[in-house]
Participant: 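The structure under discussion is supplied below as structure tokens; questions concerning it will follow.
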Amino acid sequence: MASALCGTPVTPPELLCPHGRRRNLTPCHHRRHHTCVDHKAGVKSDDVCVTPRSAEITPPSASVCIPLFQKRDYIARTIDSVLEQTFTDFELVVLDNASTDGSSEIVDGYDDPRVRVVRHTETVPMIANFNAAVAATRAPLVKVLNADDLVEPEALERQVEVMDAEPDVAVVSSRHHLVDDRDRIVARDRTLRTPDLIGRQDRATVVRRVVRHGGNPLGVPGNMLFRRSAFDQVGGFPTDDDSFVLDVALAVRLTTTGDFYGLPQTLSRFRLASGSESGSDRRHHLRAQRAFVRGLRRDHADVVRCQDTARGLARWPLTWLRHHVLMSAASDPDGRAHRLAARVLAPGGCRDDRHA
């Protein structure tokens, strides 16, 4: 199982052939490369099918990796959004975490030289799967995309441009829309809603804003593009934090190696999949969120001020309310709770992050 400890580089998993599980739905002259992660065998053999891309000596400029598990209804839309990028020098790595719902067969339908599929032979924990997905990439710049989220066509182009121009930036993020199961926009331009998160910012500024906000003002995984070298330097996604905060936890961790850069454009779409969270999940996630912020105050005591802590504590009721509204938006798109939540999340419907 892939794992990451702070300060230890993330290493690629052992790879095996896919045992002939290819299913071509669209004729193509290129055959996609398949590998399979076997956690018991621990041996490595080469797949007979190697794409022109995987045979090249020079890696692509950017990698998009999708940790996949049981997302049959969404994965095709997610992959399509990546393949429609205006920036062309990238690879797409899909790491299937032993899905059993037909997701794997959908991925197999893509005969595109930019797509590479890696498979676990058994399901591993979510954060281990995310770390293994990054470990399977080859580019110096990496974007992790949830298997039900979407990216706008110009996302890579705009973010690679920032990273090329700002060599001391470890991670660049953007805003996102919230969408429902039918890809309808529920709320626009979320995250990076304060001036101190736009442009180039240092660790102190980012940590203070997260403590004041009490949640995640930095963006979901699909919003971000980071340097693989910085990711390896900090040990990848933190395994000691709850998976609910893995995105903001990684972003903060990356600011210990370089600066944060916020783009005011909306470059991704985060899905509020219906039925994605129960009442017990909500309570657990709120506890995880509070625990994470307490950890930030402790671990970054050199930059967190008393006023940051006080504002975060005073804001907690709003943080609690925002979380419950977002989860209501993740209910049945035809239901009353969804419609009410969408109304609250609409511009002007609720006090937003700019007042934090």
Side-chain angles (χ1 to χ4, degrees), residues 5-7 162-163 166-176 189-221 223-227 230-231 233-264 282-326 350-356:
L5 299 176
C6 188
V162 169
M163 299 299 260
E166 302 279 355
D168 293 330
V169 168
V171 56
V172 57
S173 189
S174 68
R175 291 172 177 160
H176 65 266
D189 308 322
R190 307 297 295 180
T191 67
L192 305 187
R193 302 286 285 273
T194 53
D196 59 354
L197 291 180
I198 299 300
R200 185 168 172 170
Q201 307 294 342
D202 61 11
R203 174 180 66 96
T205 303
V206 171
V207 170
R208 288 168 181 169
R209 174 51 56 189
V210 175
V211 170
R212 289 186 177 206
H213 184 273
N216 177 9
L218 305 180
V220 296
N223 294 31
M224 301 179 194
L225 182 75
F226 54 81
R227 297 193 191 278
F231 182 88
Q233 184 177 336
V234 301
F237 287 101
T239 57
D240 53 347
D241 283 316
D242 190 279
S243 61
F244 180 70
V245 297
L246 91 168
D247 38 21
V248 64
L250 176 65
V252 170
R253 185 179 262 204
L254 290 171
T255 64
T256 64
T257 71
D259 287 339
F260 174 92
Y261 197 102
L263 287 170
R282 295 185 190 187
R283 291 187 292 273
H284 171 77
H285 290 164
L286 285 168
R287 286 195 298 269
Q289 200 164 296
R290 296 197 79 169
F292 172 70
V293 173
R294 284 196 300 268
L296 281 188
R297 298 201 300 260
R298 179 189 64 245
D299 298 339
H300 299 268
D302 59 319
V303 297
V304 176
R305 303 164 298 188
C306 292
Q307 66 193 67
D308 302 318
T309 300
R311 291 195 180 191
L313 293 174
R315 182 187 165 83
W316 177 250
L318 180 60
T319 301
W320 180 92
L321 176 62
R322 182 183 63 244
H323 181 84
H324 281 272
V325 170
L326 288 174
C350 184
R351 182 176 178 235
D352 63 32
D353 298 342
R354 285 170 287 194
H355 299 281

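Because the structure is a prediction, the values reported are computed rather than measured. Values below: every heavy atom of this structure, side chains too, minus hydrogens, waters and symmetry copies.
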Participant: Measure the CG-CG distance between Asp247 and Leu218 for me, rounded to the nearest 0.5 Å.
Facilitator: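 One gets 8.5 Å once the value is rounded to the nearest 0.5 Å.
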Participant: At what distance, to the nearest 0.5 angstrom, does OG1 of Thr191 lie from NE2 of His213?
Facilitator: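 So the OG1 of Thr191 and the NE2 of His213 are separated by 9.0 Å.
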Participant: I'd like to check the side chain to side chain donor-acceptor pair (under 3.5 Å) partners of Asp308; sequence neighbours left out, ordered by chain and number.
Facilitator: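 Once residues adjacent in sequence are excluded, the partners of Asp308 under the side chain to side chain donor-acceptor pair (under 3.5 Å) criterion are Arg212, Arg305.
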Participant: Would you say the side chain of Val304 lies within less than 4.5 Å of the side chain of Leu296, judging by non-hydrogen atoms?
Facilitator: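 Not touching, per the 4.5 Å side-chain cut-off.
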Participant: Compare all side-chain heavy atoms of Leu197 with those of Pro217 and state whether any distance is below 4.5 angstrom.
Facilitator: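 Sidechains of Pro217 and Leu197: in contact.
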Participant: Test Leu250 against Phe231 for side-chain contact (heavy atoms from CB on, under 4.5 Å), laying out the working first.
Facilitator: CA-CA 8 Å; Leu250 176 65; Phe231 182 88; 3.9 Å; yes
Participant: Taking Asp168 for the side chain and Gly258 for the main chain, is one N or O donor matched with an acceptor at less than 3.5 Å?
Facilitator: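 Not at all, since once roles are kept as given, no pair shorter than 3.5 Å links the two residues.
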Participant: Applying side chain to side chain donor-acceptor pair (under 3.5 Å), name anything that partners Thr205, two or more places apart in sequence or on another chain.
Facilitator: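 Expected list: Asp202.
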Participant: Partners of Glu166 by side chain to side chain donor-acceptor pair (under 3.5 Å), sequence neighbours excluded?
Facilitator: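 If we apply the side chain to side chain donor-acceptor pair (under 3.5 Å) test to Glu166, skipping adjacent residues, the hits are Arg200.
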Participant: Between Phe226 and Phe237, what is the ring plane arrangement, given parallel below 30°, perpendicular above 60°, and tilted in between?
Facilitator: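 Taking Phe237 first and then Phe226, their aromatic rings stand perpendicular (interplane angle over 60°).
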Participant: Minimum heavy-atom separation for Val245 and Ala288, please, with both atom names.
Facilitator: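 Reported closest heavy-atom pair: CG1-O, 4.3 Å.
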Participant: I need the Asp302 CG to Arg203 CZ distance, nearest 0.5 Å.
Facilitator: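 Asp302 CG to Arg203 CZ: 4.0 Å, rounded to 0.5 Å.
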Participant: Using every non-hydrogen atom in the two residues, find where Ala230 and Ala170 come nearest and quote the distance to one decimal.
Facilitator: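 So the minimum-distance heavy-atom pair works out to CB-CB, 4.1 Å.
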Participant: A side-chain contact here means heavy atoms from C-beta on lying under 4.5 Å apart; do Ile198 and Leu192 qualify?
Facilitator: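 Ile198 vs Leu192: side chains touch.
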Participant: Looking at every non-hydrogen atom in both residues, tell me the closest pair between Met224 and Ala251 and how far apart they are.
Facilitator: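 Distance-wise, the nearest heavy atoms are CE-CB, 3.8 Å.
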Participant: Where do Leu313 and Pro317 come nearest, in terms of heavy atoms and distance?
Facilitator: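 Closest approach of Leu313 to Pro317, heavy atoms only: O-CD, 4.1 Å.
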Participant: Output the distance between atom CZ (Arg297) and atom OG1 (Thr309), rounded to the nearest 0.5 Å.
Facilitator: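 Between atom CZ of Arg297 and atom OG1 of Thr309 there are 5.0 Å.
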Participant: State, with a plain yes or no, whether a side-chain heavy atom of Arg208 is found less than 4.5 Å away from one of Asp196.
Facilitator: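 Side chain of Arg208 against side chain of Asp196, heavy atoms only: no contact under 4.5 Å found.
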Participant: Please name the pair of heavy atoms, one in Met163 and one in Leu225, separated by the smallest distance, quoted to 0.1 Å.
Facilitator: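 Nearest pair, atom of Met163 first, then Leu225: CE-O, 3.8 Å.
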Participant: Applying side-chain contact (heavy atoms from CB on, under 4.5 Å) to His300 and Val252, what does each step give before you reach the verdict?
Facilitator: CA-CA 10 Å; His300 299 268; Val252 170; 3.8 Å; yes
Participant: Would you please test Gln289 and Trp316 for side-chain contact (heavy atoms from CB on, under 4.5 Å) and show each step?
Facilitator: CA-CA 11 Å; Gln289 200 164 296; Trp316 177 250; 4.2 Å; yes
Participant: Take Val171 and Arg253 through the side-chain contact (heavy atoms from CB on, under 4.5 Å) test and state the conclusion after the steps.
Facilitator: CA-CA 10 Å; Val171 56; Arg253 185 179 262 204; over 6 Å; no
